Amino acid sequence: SFSIPCIATDVGASSEIVIDNENGYLVPKDFDCKKVAALISSYLELGDAKKAEMRRNSYNMYIEKYHAPSNYSAFTNKILQLGE
């Protein structure tokens with residue numbers, strides 16, 4: 001929700017939240033710390049436009065899939081439709 005690209009281990013549902021090289025980076029569950037350091041360095045070396053794109057993608061993922069007010073409304077509407 002703060003438009004910050006993330007680094008996450010590729011376990012469970014992480015890949016549903018973090019899309020590698022779009023809104024963050026996925027690393028294997030048994031990751032090497034040097035790889036994480038390299039990912040952080042490569043992100044810092046990106047141009048301003050690519051950083052802004054990744055930040056936008058992070059925020060958009062939050063809004064589209066994890067924004068509580070939207071999710072609650074959609075969930076409530078589905079429940080109400082089942083009762084009709």
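Not measured: the values here are computed from a predicted model.
Here the shortest heavy-atom pairing between G24 and P5 reads CA-CB, 4.1 Å. Nearest heavy-atom pair, P28 versus T9, reported as atom, atom and distance to 0.1 Å: O-CG2, 4.1 Å. Pairing each heavy atom of V27 with each of K35, the nearest pair is CG1-CE, 4.3 Å.
To the nearest 0.5 Å, the span separating CG on L44 from CG on L39 amounts to 11.0 Å. In this structure, S14 OG and K29 NZ are separated by 12.5 Å, a value rounded to the nearest 0.5 Å. Taking OG1 of T76 as the start and CD of Q81 as the end, the distance is 11.0 Å to the nearest 0.5 Å. One finds the CG atom of N21 at 9.0 Å from the CG atom of L46 (value rounded to the nearest 0.5 Å). Taking CG from L82 and CG from N77, the interatomic distance works out to 11.0 Å, rounded to the nearest 0.5 Å.
Under a cut-off of 6.0 angstrom, the local environment of NZ in K51 is crowded, with over 12 non-hydrogen atoms contributed by other residues, nucleotides or ligands. Within a 6.0 Å radius of CG in D48, no more than 12 heavy atoms belonging to other residues, nucleotides or ligands are found. Atom NZ of K65 is surrounded by 12 or fewer heavy atoms from other residues, nucleotides or ligands within 6.0 Å.
Residues V36 and Y43 share a hydrophobic cluster, clusters being chains of Ile/Leu/Val/Met/Phe/Trp/Tyr side chains in contact below 4.5 Å.
Checking side-chain atoms of S73 against main-chain N and O of S70 turns up no donor-acceptor pair under 3.5 Å. S3 places no side-chain N or O within donor-acceptor distance of the main-chain N or O of R56, the cut-off being under 3.5 Å.
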- Working for side chain to side chain contact (heavy atoms under 4.5 Å, CB included), residues Y25 and M54: CA-CA 10 Å; Y25 303 99; M54 288 185 79; 3.8 Å; yes
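Chaining together hydrophobic side chains whose heavy atoms lie under 4.5 Å apart places V18 alongside I17, I19, L26, Y59, M61, Y62, I63, Y66.
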